[in-house]
Amino acid sequence: MRRVLLHPAVDRAAIDRAAADLGWPLLNILGRRDGRPRQLVFGGPDWLLTFVHDHRIDARYAVAAAHDPEALAGAVRASLPTLSLEDVLARLDEDRVRAVCWLGVVGPDAPTEPIARILREAGEHDDESLRNAARFATESLGWTP
Amino acid sequence: MRHERPRLASHVLVRFHVASGEKKVVLHDPRGGALLEIAPEDWRLLEQMDGTRDLDALCLAATRVDAYVSEAEIVQLVNELDDAGVMVDGLMAPAGEAPVEVPRTPPDRPLEPLPSFTLVCDGRGSCCRFYGGVIFRAAEAHRARAEAPALELGVPDAQLFTPMRGADAAACGGQLAVAQLDGRCAFLDGAGLCRLHALGGADHKPLACRIYPAAFVDDGEAVRVSLGPECACVFASRGRTDGSPLIDPAATTAADLPEPVITLHVPDPVPLSATRTATRPELRRWSTRAHDELRSTRVDAAAWAWAAAQTVERGELGERVIPDATEGIAPWLDAFGTRARRIAETHDGWRGASDLSRRVAIWIADALDRGDPYAAPTRPDDERFYLAALAWGHRLAVEGRPLAHGLRDRATRILTARAMATVEPPDDAASEAPLALVEAAVRNLSIAGYADDLDP
């Protein structure tokens, strides 16, 4: 599984255009409910591409699940504006809470510096919102202790 | 999207057309008069808007029928149609109990066919080239659809039928309207013959075509069987005895009619004018006398109808009508011409060049612009027969307007047909009976109601 953080300017129309261009069939739409974010599911017999409009972290991201998820994620990156890990790190100074949350989307699969340090510091910060952001990102990355 | 769960209003007529080779879907709002053209792909989207689906569900439904492009496109379609006033929100409200008892025709009610008339169909298919909705019942459509591939109709199977009204065929009893090729029924061949008839005989055609042009009106004592004088064959049949009777001669009561035949009911009391009514037996006597008089004398039909409106308005149903001049008819002709011109302009934009409806709309508009409605009648016997047939069938009393209005309206239609005879007709065999075309145009092109604000 691969996650791709979309640029904040990407909206539903842009996703629909990319889907039409690349022939992604729409399979399902899960509405926002009980804390679950809104999801747009495209897919085929052996792949799923879910666009999550995550109201909790104010972000849209794609989750690619396939035999070769990186290829699918690459197709998303090629067709829509996205944010990389470096882009998110660059935003830490201007909007730290949101950027820490977004690390949960673009961060590595295993604890890696400097991400681990940033999350550890945020988790111990006096600001509750920053601590919550760190908790969200850590849970989202699924790093095991 | 302005509607949470959008649905096409159930009174809107959706028709699939192939005009000059181009496929299009036309939405007609008979209440507001709006005429909209949408792409066949948009119709597939619109079909999914059944009043239960929100935007997300519409996206998924559109995907299932391979019509999904984008959410924005669905929103745009709904909003554009809403601007035209043809969209509503949610499911159709269940019909409540009728405020008055729905009239039913008892099976033993006798049938009274139009006297001395048999229909000689010329087989040219003129009537199959004029109607916006040649209606098939569900079973008839299933059979026709099964046979369509072998007939190479030039219409995709999915677009061969649309619901008679709205976007949900079930909501209109499964009745469907067949697609049209340049205004012709898709099953009509190039020689003017019905392909379904050719395939399996007359019984293979839908019931509506088999009983055409018969019309059934229950007046409380009998079911009058008359006709819609909307086809040149009706007039060509006048005086002939070698045609087919309007109904099986063995049929004597309502029970003998084909089951789904629609029988209209004369209202009780019968509105004569805005302030006066009559009983149904009084109307029966008036209709019979009018029919007999018109078929036995040589009156000017337009003047007779105009004068009859005045006697009816005075409640003098028993009085003999003395035809006079059609003084005061000019505003009616103006109103008819204005409506016809607007329709001609609208239909000019989307109907094909060979479409009979388009050509007739233009002909009528042209005739009332340049022609002479006061010219001497060229077919006075046809005009009298036209009125006589309508009178026999109580047709002027079941159109939702007072009888006097119906008479003035018919005088106007007769003068319109006279005007048409004074200008160049379209090059089409159907042009030989302009009065039939006027009659058909009023129904098919939604001209009815043109004079609703002209009653005294």
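Order of the sequence lines fixes the chain letters, A, B, ..., with proteins taken first and strands second; residue numbering starts at 1 for each chain. Treat the numbers as computed from the prediction; the structure is a model and nothing was measured.
When all heavy atoms of B/Thr52 and B/Arg5 are compared, the closest pair comes out as O-NH1, 2.8 Å. For the pair B/Leu160 and B/Ala148, the tightest heavy-atom approach, listed with the atom from each and the gap, is CD2-CB, 3.7 Å.
A heavy-atom distance below 4.5 Å is found between the side chains of A/Ile115 and A/Leu85. With a 4.5 Å cut-off on side-chain heavy atoms, A/His53 and A/Gln39 do not count as touching.
Using a 4.0 Å cut-off between charged side-chain N and carboxylate O, A/Arg60 and A/Asp54 make no salt bridge.
Only the backbone of A/Leu27 comes within contact range of chain B, judged by heavy atoms closer than 4.5 Å. Using a 4.5 Å cut-off between heavy atoms, B/Ser70 touches chain A through backbone and side chain atoms alike. Heavy atoms of A/Arg38 lying under 4.5 Å from chain B belong exclusively to its side chain.
If you tally non-hydrogen atom pairs under 4.5 Å between each of A/Leu26, A/Leu40, A/Leu30 and chain B, the highest count goes to A/Leu26. Taking chain A as the reference chain and counting heavy-atom pairs below 4.5 Å, the highest number among B/Asp54, B/Leu60, B/Thr63 is found for B/Leu60.
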